[in-house]
Amino acid sequence: MEYQFRDIERKWQEAWDNQGAYRVSNDSNRPKCYVLDMFPYPSGAGLHVGHPLGYIASDIYSRFKRLKGFNVLHPMGYDSFGLPAEQYAIEHGIPPAVSTDNNIRNFRAQLNRIGFCYDWSREVRTSDASYYKWTQWIFLELFDSWFDRLQGKARRMAELTEIFSKEGNAEYPCPGDRALHFSAAEWASLDERKRQDILMDYRLAYCGHGEVNWCEALGTVLANDEVINGVSERGGHPVVRKKLRQWYLRITEYADRLLEGLHTVEFSDSMKEMQTNWIGKSFGAEIDFKLDGGDAHIRVYTTRPDTIFGVDFLVVAPEHPLVPYLISDGQRSEAEAYLEYVNSRSERERMAEKKISGAFTGSYCVHPFTGNPIPVWISEYVLAGYGTGAIMAVPCGDERDHRFALHFGLPITNIIGSHYNGTDANPTKDAVLEESDFLNGLVMREAMAVVLDRLEASGVGKRQVNYKMRDAAFSRQRYWGEPFPIVWKDGIAVPLPAGELPVELPPLEELHPGPGGEGPLANLPDWKHYHGGVREVNTMPGYAGSSWYFLRYMDPGNGQEFCSRAASDYWGQVDLYVGGTEHAVGHLLYSRMWTKVLHDLGHIGFDEPFRRLVNQGKIGGDSRIAYRIRGTHQFVSAGLKDNYETDEIHVDVSMVDGVVLNTGSFRNWRPDLHDATFLLEDGVYRCGSRLEKMSKRYHNVVNPDEVVARYGADTFRMYEMFLGPVEQDKPWDTKGIEGVHRFLKKLWRMFMHEEKGLVVSQESPIDAEWKAIYKMIRKIEEDTERFSFNTAVSQFMIGLNELSDLKCHKIAVLEKFLIVLTPYAPHMCEELWHATGHSGSILDQPWPTVEEKYLVETSKSYPVALNGKTRMEMTISLQATSAEVEAIVLADPNVQKWLDGKPPKKVVFVPNRMINIVV
RNA sequence: GCCCCGGUGGUGGAAUCGGUAGACACGCAGGACUUAAAAUCCUGUUCGCCGCAACGCGAGUGCGGGUUCGACCCCCGCCCGGGGCACCA
């Protein structure tokens, strides 16, 4: 009987489905384990072989934990709101709901063919009203909360209004407007509109006017992490800064908790670093520089107050509010020309070419300690959005200031002596300060505290912490997203009562933008006008639904709550989260923030969603290239192409065997290739190859369905793991797949003889057989636990080789082998389990216990070395302690001869390795 | 520029705690079975030297130093590759 993987896989997929074999209960006395994949956006392109890499890893881990006796939650769903479906609708006239549905069906079929153990009864889709009802509900919770900086947690708005009526906002400065101060009496005197405006500046989800990233081509604003180098992440369209009314998430209030939380989770170093950099916390000072001959002052932010005596000029951002006031008559034409120039430059130009540019304002400030006049300049290298939008320039210590000073011929005061070489700024913190008055002779690091104390004592400055992270834009002028449960009445945002949720997305044929930069929903007057107000017509961004989906899987059918407290208490944190690094600063930060808010408000019992995160690598494509002689229809084989001037054509990888092109299918591929002719080498046409991103554009996409059809899901699963560490990027390469397939066939043949059929014996295994299997099991459980699946697959091969050398067909050994293999090749294991007379699903078997006695050797022969040079062999009991070994070794006559009466420096006993005498 | 991660045979990659470097697999070479092919099995495969062979010797984990009885692993200085950030004061 041959290994008929197609029949076997179909049979067991159906059986598991019918039995609901992967249904998970929230009610179990087994310990829980929550294993989660980042859910996919169901794109029209379907899965390629890169996508399942992480899914296979998490599936193996889930099945492993299940056999180990855990109640494993391992769900799957779809992040089904988003821009591409909407663009597809605009281009093809197919409504997003329809195309999304089709895509999901296709994804589901592809996933099922690989044999994942998802509990499909828990599937979620972010675009289902039964799901986004709760996304809207959580939004309202955010809207009804503010961040108490004293307690470091979110609280209800009602508590804030109570505080305001008792004591004003003295204890709770406004995060949206630092200058806002009011007493209880003033609060009492305010009208409702004014009060609501103030409250809005405290809310965790708030509406404000701000500079946003506006993408004209997509017709929407984008969050900072959706903009890369001045163009949109999706589509690469230009993005400009624009002032708009927008919803925001006040994630900046959580900056510290997001940083602290990183110490409690297992993320990779690079992931933690990316998040840390994005949050960008820095410690420094704000210092006021009084204007010479005026009352006003310029407040700068610096992380290096220790260099205050090296300040040669101040620089303010072109958008700084004091700019008009600073420009003197004498400098007016020059300064205004500069401002005009800055204005004419797009965001993208500013990013792309960082030229040194600026203008003198004509104004001077006074140095707070020396009283010297300090010229004030304007330059676009100072960003309006960070710190105070103004800096003190210390050219000897800061490279940008140095370049600026050189370019405009400004003086450069040296406060670090020989550490400054006159041509390059030196940002050291270890120099001894000179020319620095009361800081002279101090090392910069120590001077920091001294100057800060002095600044605070004299009231010209104070310690200040800053963050690079900005509040996250939370509205999109699009259709295919969650509607906001908000109605505007008299300029006040009124939340809809929970009973009116969900606010369903109304059907809409035409998806063109509404008037005045509003989204398509603005084109539906009947929907827009609601109970004497107008609905918010923006929709929520893609990350809204994905910020909390891991909670919904715990209790997916709950119509009363987003997730019952009992369910979230039972499942708790995600024990293992698997996904790509591309969500490092988007999804992962947002979902961490939402989790913290839900925790603060008492809805869940934990405040970090993901205990351990593994980032799977990307699988690249191996493209095939044909060379067309320029201006002809003749193609030349790769080995001969250098003799001609050629153009490169990406050939679909399915038409190539290795590098040899199937010229027939190539001709039929596209009409323009019908009359192609070929210059062959050795009778065949050889393509060139190149590793690049797997993409339709390069025709190098390999569909997992093809691989599964040819080798079976079990081979596919094991091979993707065998390719190398899960975390590593690698090209798709089928070279080694035969080896894995051979392993499965070999295993099959051990049970199933071609003529005789089943060959197993009931005999008791001998020690060597037990030893082989237990050694293998131990290694595999270690490897699986630490996510090293490539080495685990190797261990299976080693185990099988040893057992076939022993000619072991004993059922007692082989059933253990199958149980351990199940996570990796579930279909074959299930089939063989039943074929060997077992009943019940192998999925429900307990993981075999390793009998340690078969792994332990009672005594072992060790090489004994003198200073690392092996001199003799000695047999030592493995139970012996280091001290006993030392005594035995030193008592040996040979050893005594070597030592010649002198005591050794030490005796090194390396268990299982060697004994070394160091003299 | 700054930060992080890596560099091991012809190839993908092992070596988990500083202790036999190159597991396992691919590829390749040779062989068995076969009319032939496929499939399967066996042998060899880091490099160099000596040799019929066994054995032996020498070198070897990007480069140069160091610590150690012992270094792919730790330290210092370079080179190369990948990723992230990039006027964040």
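A, B, ... follow the sequence lines: proteins, then strands. Residue 1 opens every chain. These figures come from a predicted structure and were not determined experimentally.
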### Query
Rounded to the Å, how far apart are Lys272(A) NZ and C5(B) C1'?
15 Å
#### Entry: Separation of the P atoms in U11(B) and U46(B), to the nearest angstrom
13 Å
### 5' precedence on RNA chain B between Pro725(A) and Glu399(A) (nearest-nucleotide basis)
Glu399(A)
### Message
Just the rounded figure in Å: distance from C1' of C42(B) to CG of Asp805(A).
### Response
12 Å
### Message
Could you tell me how far G62(B) sits from A14(B) if I compare only their P atoms? Round to whole Å.
### Response
15 Å
#### Entry: Rounded distance in Å between the C1' positions of G19(B) and G12(B)
27 Å
### Query
If the P atom of C79(B) is compared with that of U40(B), how far apart are they to the nearest Å?
50 Å
### Query
What nucleic acid atoms does Lys746(A) come within less than 4.0 Å of, heavy atoms only: base, sugar-phosphate, or nothing?
sugar-phosphate
### Message
Between P on C3(B) and CG on Asn277(A), what's the gap in Å once rounded to a whole number?
### Response
11 Å
### Summary
Stems in RNA chain B, runs of 3 or more consecutive Watson-Crick or G-U wobble pairs with both distances under 3.5 Å, sorted by first number, are B:1-7 with B:79-85, B:10-12 with B:24-26, B:27-32 with B:40-45, B:46-49 with B:56-59, B:62-66 with B:74-78
#### Entry: Residues Tyr420(A) and His402(A): side-chain donor-acceptor under 3.5 angstrom
yes
### Message
On the nucleotide C41(B), are OP1 or OP2 found under 4.0 Å from the side-chain N or O atoms that Arg749(A) carries?
### Response
yes
### Query
Just wondering, more than 12 heavy atoms not from Glu785(A) lying within 6.0 Å of its CD?
yes
### Summary
Rounded to whole Å, NZ of Lys281(A) lies from P of C3(B) at a distance of 21 Å
### Message
Any base atoms under 4.0 Å from Phe722(A), or only sugar-phosphate, or nothing? Heavy atoms, all strands.
### Response
base
### Query
Given the P atoms of A37(B) and A32(B), what is the spacing between them in whole Å?
12 Å
### Query
How about Ser788(A) and Asp783(A): does a side-chain donor come under 3.5 Å of a side-chain acceptor?
no
## Note on the structure
Taken to the nearest whole Å, CG/Asp733(A) to P/G13(B) is 10 Å
### Query
Between Phe722(A), Phe5(A), Trp748(A), Tyr719(A), which is the residue that forms a ring-ring contact (aromatic ring centres under 6.0 Å, His included) with His741(A)?
Phe5(A)
### Message
Nearest whole Å is fine: how far is C24(B) P from Tyr719(A) OH?
### Response
18 Å
### Point-to-point distance, once rounded to the nearest 0.5 Å, from OG1 of Thr361(A) to NE2 of His320(A)
11.5 Å
### Task
Apply salt bridge (charged side-chain N to carboxylate O under 4.0 Å, His left out) to the pair Glu852(A) and Arg778(A), showing each step before the final yes or no.
CA-CA 9 Å; Glu852(A) 302 285 341; Arg778(A) 171 52 52 82; 2.7 Å; yes
### Query
Just by distance, with hydrogens left out, do Tyr341(A) and Ser357(A) show a side-chain donor and acceptor under 3.5 Å apart?
no
### Task
Ignoring backbone atoms, test whether Asn790(A) places a side-chain nitrogen or oxygen under 4.0 Å from the OP1 or OP2 oxygen of A14(B).
yes
### Task
Considering only atom P, compute the distance from C24(B) to U45(B) and round it to an integer number of Å.
12 Å
### Query
Distance check: side-chain N/O of Gln728(A) vs OP1/OP2 of G12(B), anything under 4.0 Å?
no
## Note on the structure
Between Trp278(A) and Leu383(A), the residue closer to the 5' end of RNA chain B by nearest nucleotide is Trp278(A)
### Query
For Tyr3(A) and Thr715(A), does a side-chain donor sit closer than 3.5 Å to a side-chain acceptor?
no
### Task
Under the ring-ring contact (aromatic ring centres under 6.0 Å, His included) rule, what do Tyr711(A) and Phe716(A) come out as? Steps first, then yes or no, please.
CA-CA 7 Å; Tyr711(A) 295 101; Phe716(A) 177 67; 9.8 Å; no
### Task
Tell me whether the OP1 or OP2 atom of U16(B) has a side-chain N or O from Ser788(A) closer than 4.0 Å.
no
Output a table of nitrogen or oxygen pairs between the protein and nucleotides 27-29 of chain B separated by less than 3.5 Å.
none

### Message
Taking the C1' atom in each of U43(B) and A53(B), what is the distance between them to the nearest angstrom?
### Response
15 Å
### Query
Within the structure, does a side-chain N or O atom of Lys745(A) lie under 4.0 Å from either OP1 or OP2 of A39(B)?
no
### Query
Under 4.0 Å between a side-chain N or O of Tyr381(A) and OP1 or OP2 of A89(B)?
no
### Task
Establish, from distance only, whether the side-chain atoms of Tyr381(A) and Asp401(A) form a donor-acceptor pair under 3.5 Å.
yes
### Polar contact flag, side-chain donor to acceptor under 3.5 angstrom, Thr252(A)-Asp471(A)
yes
